[in-house]
2 protein chains.
Amino acid sequence: MKLSKKSIYALRVLPYLAESYDKKSLSVAYLAQQEQISIKYLEQILSLLRKAGFLVSERGKNGGYSLRVPPDEITLGNIIRAIDGPLAPIPCASRTAPHHDPNCPYPYDTCWLRHLMLRVRDNISNVLDRETLSVMTVDALKAERKE
Amino acid sequence: MKLSKKSIYALRVLPYLAESYDKKSLSVAYLAQQEQISIKYLEQILSLLRKAGFLVSERGKNGGYSLRVPPDEITLGNIIRAIDGPLAPIPCASRTAPHHDPNCPYPYDTCWLRHLMLRVRDNISNVLDRETLSVMTVDALKAERKE
DNA sequence: ATATATCCTATAGCTATAATAGGATATAAA
DNA sequence: TTTATATCCTATTATAGCTATAGGATATAT
């Protein structure tokens, strides 16, 4: 039940791209500087989100990243899934990418632990899959930071 | 957002102790054999749960573990907390053991990510803190297992 | 041509989990 | 009192995943 730093960095940085949607693309260097993240590390994260279909990139001078679709079409749940994998606490309780360990001695359909964790998963999903990148504006982000 | 094997083993084994509450105590060896878990590993887990106040133990011949309180007073959430720590996806979104990183550049009270993760935490809690050890009976457990 | 950006891959360092191991201590029963 | 059986305690190993750094290849606007 832990969110990786990768996901946190992504969630910190994506609102900038949301605000800039249909305007100019933003460079990794700029975003990294805004949020005090290692450029090279953030580079990996945004590259991953591009491969996952959330972002598009332009190379070369004046290049950078931008959202591939409008902010309200990107849920926070799907961003976290792309980075950390399923929201479910155990693999067999995932709905988007279920995986049942073949060595598991319990029957898939009636396993009480799996059913419990499905309920947990659904409750997590009810928050993260309803919230999209339009949650935050960069103005609010800037106002939020100390100083 | 992942449940450790330790917690899974605990959740698999505790219903046996719940069924046996006010009856005889059960040995690690017996429980380990029932659920096909390493004895030495399960030993560590049950010792931990004893220190956390959920179990009592008797040493020597005919010894073993038993619940310290009735099954319905032990929530699944508290078992997981004792083993894996807070349910919250990030430390500052915990309610039982909140910890705000002093180096975090965002203000505690108004941080949008923290507030989001508090909602996630509450939704997880709404499942795991309402469910107790009386969820499962051992009869059902036995019927559940293959063969 | 040059500066600037993404792209790609390798690798090091660190941390947490999972599991194994050996022996100390306590207790019931022979 | 001896023996068998149980918990107790600590150390250590193995593994895996996360975090971050690094170097250079490739593309593009100026």
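So that the names make sense, note that chain A is the first sequence line, chain B the second, and so on, each numbered from 1. If you're wondering where the values come from, they're calculated on a predicted model, not measured in any experiment.
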Pick out which of Leu49(A), Ile37(A), Ile8(A) makes a side-chain contact (heavy atoms from CB on, under 4.5 Å) with Val13(A). Ile37(A)
Could you tell me how far apart [X] ([atom1]) and [N] ([atom2]) are, to the nearest whole angstrom?
{"X": "Asp84(B)", "N": "dA18(C)", "atom1": "CG", "atom2": "P", "value": "8 Å"}
{"X": "Tyr65(A)", "N": "dA5(C)", "atom1": "OH", "atom2": "C1'", "value": "10 Å"}
{"X": "Leu46(A)", "N": "dC7(C)", "atom1": "CG", "atom2": "P", "value": "9 Å"}
{"X": "Leu48(A)", "N": "dA20(D)", "atom1": "CG", "atom2": "P", "value": "15 Å"}
{"X": "Leu42(A)", "N": "dT21(D)", "atom1": "CG", "atom2": "P", "value": "12 Å"}
{"X": "Ile45(B)", "N": "dT7(D)", "atom1": "CD1", "atom2": "C1'", "value": "15 Å"}
{"X": "Ile39(A)", "N": "dA22(D)", "atom1": "CD1", "atom2": "P", "value": "12 Å"}
{"X": "Gln36(A)", "N": "dA20(D)", "atom1": "CD", "atom2": "P", "value": "13 Å"}

May I ask you to check if Arg114(B) and Tyr108(B) form a cation-pi contact, with NZ or CZ under 6.0 angstrom from the six-membered ring centre and within 45° of the axis? yes
Let's see if you get this right: which residues in [range] place a heavy atom under 4.0 Å from DNA chain C?
{"range": "residues 73-82 of chain B", "value": "none"}
{"range": "residues 86-98 of chain A", "value": "none"}
{"range": "residues 3-11 of chain A", "value": "none"}

Does [X] reach the main-chain N or O of [Y] with its side chain, forming a donor-acceptor pair under 3.5 Å?
{"X": "Arg50(B)", "Y": "Leu55(B)", "value": "no"}
{"X": "His100(A)", "Y": "Pro91(A)", "value": "no"}
{"X": "Ser20(B)", "Y": "Lys23(B)", "value": "no"}
{"X": "Arg130(B)", "Y": "Asn126(B)", "value": "yes"}
{"X": "Arg68(B)", "Y": "Gly53(B)", "value": "yes"}
{"X": "Asn123(A)", "Y": "Arg119(A)", "value": "yes"}
{"X": "Asp72(B)", "Y": "Ser134(B)", "value": "no"}

Please enumerate all protein N or O atoms sitting under 3.5 Å from an N or O of nucleotides 20-27 of chain C, with distances to 0.1 Å.
from, atom 1, to, atom 2, distance (Å)
dT20(C), OP2, Ser38(B), OG, 3.2
dT20(C), O4, Gln44(B), NE2, 2.3
dG22(C), O6, Lys40(B), NZ, 2.6
dG23(C), O6, Lys40(B), NZ, 2.9
dT25(C), O2, Arg59(B), NH2, 2.7
dT27(C), O2, Lys61(B), N, 3.3

Measure across [X] and [Y] and return the closest heavy-atom pair with its distance rounded to 0.1 Å.
{"X": "Ala18(B)", "Y": "Pro71(B)", "value": "O-CG, 3.7 Å"}
{"X": "Ile74(A)", "Y": "Leu67(A)", "value": "CD1-CD2, 4.0 Å"}
{"X": "Ser94(B)", "Y": "Pro98(B)", "value": "O-CB, 3.2 Å"}
{"X": "Ser4(B)", "Y": "Ile83(B)", "value": "OG-CG2, 4.0 Å"}

Verify same cluster id: Val56(B), Tyr30(B) (apolar side-chain graph, 4.5 Å): no
Between Val127(A) and Leu118(B), is there a shared hydrophobic cluster once you connect ILVMFWY residues whose side-chain heavy atoms come closer than 4.5 Å? no
5'-most by nearest nucleotide on DNA chain D - Lys2(A) or Arg50(B): Arg50(B)
Think [X] has a side-chain N or O under 4.0 angstrom from the OP1 or OP2 of [N]?
{"X": "Ser47(B)", "N": "dT7(D)", "result": "no"}
{"X": "Ser27(A)", "N": "dT4(C)", "result": "no"}
{"X": "Asn62(A)", "N": "dA5(C)", "result": "no"}

What's the spacing between Arg121(A) CZ and Cys92(A) SG if we round to 0.5 Å? 12.5 Å
Going by side chain to side chain donor-acceptor pair (under 3.5 Å), name the residues that satisfy it together with Thr75(A), two or more places apart in sequence or in a different chain. Asn78(A)
Over the length of the helix from dA1(C)-dT30(D) to dA30(C)-dT1(D), how much do the five-pair end axes diverge, rounded to 10 degrees? 10°
